Colleague: 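Before I ask anything, let me first share the structure, which is written out below as C-alpha cells.
None of the values given here were measured: they were computed from a predicted structure. Basis for what follows: all heavy atoms, side chains included, without hydrogens, waters or symmetry-related copies. Numbers restart at 1 for each chain; the letters A, B, ... are given by sequence-line order, proteins then strands.
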2 protein chains.
Amino acid sequence: MDGDTITRPTLSDVAARAGCSPSTASLAFSGTGPVSDATREKVLAAAKELHYAGPDPRARSLRRGRSGIVGVVIDDRVSEAFRDPVNIAMLDGVSEAIGEIDAALLLLTAGAGSDKPVSLETAPLDAVVLFGCSTTLERSISMLTQRGIPAVVIEGDAGENVPEIALDNREATRLGAEHLRELGHERVGIVVLPLAPDRARGALTEERAASSAVATATERLAGARDVFPDAAGVVASGSYLDEGLIAGRELLTATPRPTAIIAQSDLLAAGVIRAAEELGLRVPEDLSVVGFDGVRVDGLDYDLTTLVQPSQAKGRAAGEAIVRMLAGEHPSSVTFTSTFHRGATTAPPRVAD
Amino acid sequence: MDGDTITRPTLSDVAARAGCSPSTASLAFSGTGPVSDATREKVLAAAKELHYAGPDPRARSLRRGRSGIVGVVIDDRVSEAFRDPVNIAMLDGVSEAIGEIDAALLLLTAGAGSDKPVSLETAPLDAVVLFGCSTTLERSISMLTQRGIPAVVIEGDAGENVPEIALDNREATRLGAEHLRELGHERVGIVVLPLAPDRARGALTEERAASSAVATATERLAGARDVFPDAAGVVASGSYLDEGLIAGRELLTATPRPTAIIAQSDLLAAGVIRAAEELGLRVPEDLSVVGFDGVRVDGLDYDLTTLVQPSQAKGRAAGEAIVRMLAGEHPSSVTFTSTFHRGATTAPPRVAD
DNA sequence: CTGTTAGCGCTTTCAA
DNA sequence: TTGAAAGCGCTAACAG
C-alpha cells in the first residue's frame with residue numbers, strides 16, 4: 001500500500017540496464033574521464049528509463065570526502081540575526097562567493113542560550129564561516145580544528161590558523177568621534193552593541209566593558225573612547241531600531257544631556273534619532289548622531305553621518321577565503337576599511353552648550 | 001611540511017585503541033543499544049587520546065540514509081529574500097520546528113535568472129521547504145520527487161502529494177477591501193507584489209495578471225478585485241519600502257487620484273504612505289492605506305491597517321510537516337488565516353471626493 | 001553485553 | 001575506452 005517501500009535505482013542498476021560497468025556509468029555522469037559518446041548516451045538513456053536522478057550525494061560525499069556544504073554560524077535565532085541588513089549583506093556575499101564552487105550554505109545557530117551546537121559537531125561540512133560569534137567562538141574553533149574543518153572568522157580573533165576577515169572598527173569609530181570633537185562636542189554618549197552572548201541591556205560599566213566577549217562592540221567602543229575617554233554608554237540588547245530608541249531615551253534624559261551620540265550601528269542610530277524626536281530635540285541642531293555601517297535604514301528621513309563598511313565585500317572575502325582553503329591554499333587574514341560619510345545628522349553643539 | 005596530509009582517526013582506530021570492536025565503539029558513541037559503562041568509558045577515553053571528533057557525518061549519513069539537512073529554497077539572492085521580515089519569520093519558524101530533530105537548514109537559491117538549481121539536484125537533503133517559488137516550483141518538485149525527497153510548499157500549489165502551507169490571501173485581502181468600501185471608498189489603487197520571476201515593475205495589465213506565476217500575489221489581487229473589480233494597479237519589483245514609494249507616486253499622481261490604496265505587503269504600504277507624504281497628502285484623511293502581513297515596519301509612524309498573517313507559525317507548520325514526513329507520516333495541507341487589524345491609516349474619503 | 005559480517009552507493013585506481 | 005576490485009567510515013543485523 002505504502003509507496004515508501006520503493007527503492008530508488010542506483011548507479012549499478014543504471015549500469016546494468018545500459019550494459020556497462022558501474023564505473024563507466026559513473027564516468028558518464030560526472031563527465032570526468034574518457035567515455036565514448038555511444039556509451040554515455042546509453043547510460044543517460046538507461047537513467048531516464050529508470051528515473052534515476054543522479055548519484056546519491058551521501059555516497060558521493062563519503063567517497064570524495066567533500067559534501068559541497070559550507071556552514072555559516074550565526075548568533076542566536078535566525079530572526080534575530082537577520083534583522084540587521086549588515087548581516088544579510090554579509091551572508092549574501094558569502095553565498096555569492098561560494099556559489100563559484102557550487103557549494104550551498106548551511107545555516108547553523110550557535111545561540112547564546114542553546115547548549116547544543118549539535119550541527120557544528122555533526123553536520124557534513126566542508127568549511128565554516130563564523131560570524132564574530134563571541135564566546136562560542138573558541139569552542140567552535142576547537143571543535144572544527146578537531147574535525148579538521150577549515151574555518152574563517154568574520155570580525156573575531158580565532159588564533160593563528162584561522163584567517164580573519166577584519167574591519168577597522170576602532171579606527172573608523174575614532175574617525176567619527178574626531179569629527180564630533182572637531183565640531184566642538186564634549187559631552188558624548190555611546191550606544192554599544194551587545195557585549196555578551198546574553199545580550200543584556202543596561203548601562204555601560206567598566207566591568208562590562210572589560211569582560212566583553214564581542215570583538216566588534218569592544219573595538220568600536222575603544223575607538224570612541226580614544227577621543228572621549230569619559231563618555232557615558234548604554235549597552236543595547238541587539239542592533240535594532242527599537243533598542244536604539246530605548247538607549248537613546250536613557251542617554252538623553254540624563255543630566256547633563258549629551259550633545260552628541262555615537263551609536264555602534266545605523267539601526268541603533270536611527271533609534272536614537274527617534275528618541276530625540278520624542279523628546280522634542282532637533283537633529284542635528286540639538287543633538288548630533290553618528291552611526292556605523294552605512295546601511296539604508298528604511299523609514300529614516302535623515303542622511304545619517306556614519307561609517308560606511310563594505311558588508312557584502314566582507315562576506316564575499318570570507319567566501320573566497322573558504323574557496324581557497326578548500327583548494328588547499330592558506331589564505332591570510334584581510335582587513336577592510338570603513339569610510340566616513342558626513343551626512344546631515346551632525347553639527348556643532350548649540351552655543352548655550 | 002604541509003599538515004594537511006594528516007589522516008583523521010576513524011571509529012575503527014578508536015575501537016582498536018580501546019580494545020573493542022568498531023560496532024561496539026559505534027554504540028558507545030551513538031548511545032543506541034546496550035554498552036557497559038566500562039566499555040563506553042574506554043571508548044571515550046581512546047577517542048580523546050586520538051582526538052577523534054565523533055563519527056564522520058558523511059559515512060553516517062550514507063549508512064543511515066539521512067543527512068540531517070533540510071533545504072529551504074528561496075527566491076533569488078539571499079539579500080533580496082531576507083529584506084522582508086515576513087520571510088525571515090517564516091525561516092525562523094522552519095528553523096525552530098526542525099530543530100526538534102536536530103536538523104539544520106540548507107539555504108538554496110533557485111533564483112530567477114540562475115539556470116542552476118544545482119544544489120537541489122546534488123545536495124544531501126532529507127527534505128525541502130519551497131517558499132512559493134513560482135515558476136521554478138514545478139521543476140523543483142519534479143526534481144525532488146524523482147530524487148525521492150519529500151517537500152512542503154509554503155503558498156503555492158504543488159500537486160497532490162506535496163502538502164501545502166497555505167494562507168487565506170484572497171479572503172483576507174477581500175476583508176481589507178470591504179473595509180474600504182464600507183468606509184465609502186470607490187477609487188482604489190492596488191500595489192501588487194511581483195507577478196513573475198523576472199520581478200518586472202510596471203502598470204498592472206490584464207495579461208500580466210493572467211500570466212502570473214506567483215500564487216500569493218495573484219490571490220491577493222483576486223481578493224481586492226472581488227470588491228473593486230476595476231481598481232488600477234501597479235506591480236512592484238519586490239516587497240520593499242522603496243518599491244512602495246515608487247508605486248505610490250505612480251498611483252497618486254494619476255487622475256483621478258485614488259482615495260485608497262491596497263498594498264500587498266506592509267513594506268509596500270509603508271512606501272505608499274511615504275509617497276503620500278511627499279505629495280502633501282495626509283493619511284488617512286486624504287488617503288487610506290491598507291497593508292498585508294502585520295509586520296512591524298521600523299520607522300513607520302502609523303498604526304497600519306492591515307491583515308495580520310502568522311508568518312512564523314506558517315514556517316513552523318512547514319517544519320513540523322517535514323518532521324512528520326521524515327517520520328513516515330503523510331501530513332496534509334494546512335491553511336492559515338489572517339486577521340484584520342484596523343489601524344489608523346484608513347478613514348472615510350473626503351466628501352469632496 | 002560484545003564481536004562478526006555485510007554492506008550503504010559511489011568513485012578511483014589499476015589492468016585489460 | 002572499458003571493467004574489476006577495493007574501499008570511503010560507519011552502522012545494523014545477527015550471533016555469540
Side-chain angles (χ1 to χ4, degrees), chain A residues 6-44 46-47 50-68 121-126 146-149, chain B residues 5-44 46-47 50-68 121-126 147-149:
Chain A
I6 302 168
T7 48
R8 317 245 120 234
T10 72
L11 235 203
S12 310
D13 297 335
V14 174
R17 193 90 167 72
C20 71
S21 78
S23 56
T24 306
S26 174
L27 294 183
F29 267 101
S30 66
T32 328
V35 189
S36 75
D37 287 351
T39 318
R40 189 200 325 287
E41 287 190 11
K42 260 194 303 184
V43 172
L44 262 34
L50 297 176
H51 300 292
Y52 179 69
D56 181 324
R58 290 177 286 256
R60 173 198 287 250
S61 70
L62 172 57
R63 187 57 236 234
R64 301 234 264 221
R66 284 279 168 84
S67 64
E121 302 182 326
T122 59
L125 301 168
D126 290 346
Q146 188 167 168
R147 282 188 62 189
I149 296 176
Chain B
T5 345
I6 302 168
T7 49
R8 322 242 118 237
T10 72
L11 234 203
S12 310
D13 296 335
V14 174
R17 193 90 167 74
C20 71
S21 81
S23 59
T24 306
S26 174
L27 292 182
F29 267 101
S30 66
T32 327
V35 189
S36 74
D37 287 351
T39 319
R40 189 200 323 289
E41 287 191 11
K42 258 194 303 182
V43 173
L44 262 33
L50 297 175
H51 300 292
Y52 179 69
D56 182 324
R58 289 177 287 256
R60 172 195 286 243
S61 70
L62 172 57
R63 185 61 240 234
R64 303 233 265 219
R66 284 280 168 83
S67 63
E121 304 183 325
T122 60
L125 301 168
D126 290 347
R147 282 188 61 189
I149 296 175

Colleague: Would you say V14(B) and V43(B) make side-chain contact, with heavy atoms under 4.5 Å?
Modeller: yes

Colleague: Just to be sure I understand the rule, does R58(A) reach a base, reach only the sugar-phosphate, or reach nothing, if contact means heavy atoms closer than 4.0 Å?
Modeller: nothing

Colleague: Consider the side chain of R60(A), meaning its heavy atoms from C-beta on, and name the nucleotide among dC10(C), dG9(C), dT2(D) that approaches it most closely.
Modeller: dC10(C)

Colleague: Any side-chain N or O of S30(B) below 4.0 angstrom from OP1/OP2 of dT11(D)?
Modeller: no

Colleague: Counting just side-chain N and O atoms, does T39(A) come under 4.0 Å of either OP1 or OP2 of dT1(D)?
Modeller: no

Colleague: Just to confirm, is there a sub-4.0 Å distance from OP1 or OP2 of dG9(D) to any side-chain nitrogen or oxygen of T10(B)?
Modeller: no

Colleague: Starting at CG of L11(A) and ending at C1' of dT11(C), how long is that distance when rounded to a whole Å?
Modeller: 9 Å

Colleague: Indicate whether OP1 or OP2 belonging to dT2(D) is found under 4.0 Å from a side-chain N or O atom of S36(A).
Modeller: yes

Colleague: Could you check which of dG9(D), dC10(C), dT4(C) has an atom nearest any side-chain atom of S21(B)?
Modeller: dT4(C)

Colleague: Please check if the side chain of R147(B) supplies one atom and the backbone of E121(B) the other of a donor-acceptor pair under 3.5 Å.
Modeller: yes

Colleague: Kindly give the heavy-atom pair with the smallest separation between P124(A) and S67(A), and that separation in Å.
Modeller: O-OG, 2.6 Å

Colleague: Grab the stems for DNA chain C, please: at least three consecutive Watson-Crick or wobble pairs, both distances below 3.5 Å, written as range with range.
Modeller: C:1-16 with D:1-16

Colleague: Reckon Y52(B) touches a base, only the sugar-phosphate, or nothing at all at heavy-atom distances under 4.0 Å?
Modeller: sugar-phosphate

Colleague: Look at the side chain of R64(A) and decide which nucleotide, out of dT12(C), dG3(D), dT2(C), has an atom nearest to it.
Modeller: dT12(C)

Colleague: Which part of the nucleic acid does P55(A) contact within heavy-atom distance under 4.0 Å: base, sugar-phosphate only, or nothing?
Modeller: sugar-phosphate

Colleague: Establish, with yes or no, whether the OP1 or OP2 oxygen of dT12(C) is under 4.0 angstrom from a side-chain nitrogen or oxygen of R63(A).
Modeller: no

Colleague: Could you check whether any side-chain N or O of R17(B) sits under 3.5 Å from a backbone N or O of A47(B), counting only pairs where one atom can act as donor and the other as acceptor?
Modeller: no

Colleague: Any idea which of dT4(C), dT11(C), dT11(D) is nearest the S23(B) side chain?
Modeller: dT4(C)

Colleague: Using a 4.0 Å heavy-atom cut-off across all strands, classify S61(B) as base, sugar-phosphate, or nothing.
Modeller: nothing

Colleague: Give a yes/no on whether any side-chain N or O of T24(B) is located under 4.0 angstrom from OP1 or OP2 of dG3(C).
Modeller: yes

Colleague: For the backbone of Q146(A) and the side chain of R8(B), can you confirm whether one donor and one acceptor N or O come within less than 3.5 Å of each other?
Modeller: yes

